[in-house]
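Have a look at the structure below before the remarks.
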Amino acid sequence: MSGRVQKIAYKPVGLLLGVVAGAVAGVVTKKIWQLASGDDDTPDATDEDRGWGEIIAAAALQGAVFAIVKALVDRGGATGVRKLTGDWPA
């Protein structure tokens, strides 16, 4: 399969994996926040009752968890494609 065709064919897989990564990251972030703070939910930036430190900490945690989960899911997806097709997605 040519690189261009392979890239186009992998696009829907990559998009689906991104959605899965976002959902998994949300669950993981919520669980870590519960363990660390005792609160049930991570604070929203517009939550008037939360301080700046708590808002920034929650945002940093969410960003880090999302980046790690997305990298794991993307790498796993690419590895799966190679096993199925013999080629690494471009």
Residues Arg50 and Asp39: closest non-hydrogen pair is NH1-OD2, 3.4 Å
Closest approach of Leu17 and Gly77, non-hydrogen atoms and distance? CD1-CA, 3.6 Å
Could you state the interatomic distance from [atom1] ([X]) to [atom2] ([Y]), rounded to the nearest 0.5 Å?
X	Y	atom1	atom2	result
Leu61	Thr42	CG	OG1	8.0 Å
Asp87	Arg82	CG	CZ	9.0 Å
Glu48	Thr46	CD	OG1	9.5 Å

Give the cluster check for Ile55 versus Trp33: same hydrophobic cluster or not, with ILVMFWY residues linked at side-chain heavy-atom distances below 4.5 Å. no
Consider only side-chain heavy atoms of I, L, V, M, F, W and Y, link residues closer than 4.5 Å, and tell whether Val13 and Val24 are in one cluster. yes
Can I get a per-line list of side-chain donor-acceptor pairs under 3.5 Å for residues 65-76, giving both atom names and the distance, sequence neighbours left out?
unit_1	atom_1	unit_2	atom_2	d
Lys70	NZ	Asp74	OD1	3.4
Lys70	NZ	Asp74	OD2	2.7

Applied to residues 15-30, the salt bridge (Lys or Arg N to Asp or Glu O under 4.0 Å) test, sequence neighbours excluded, yields Lys30-Asp41
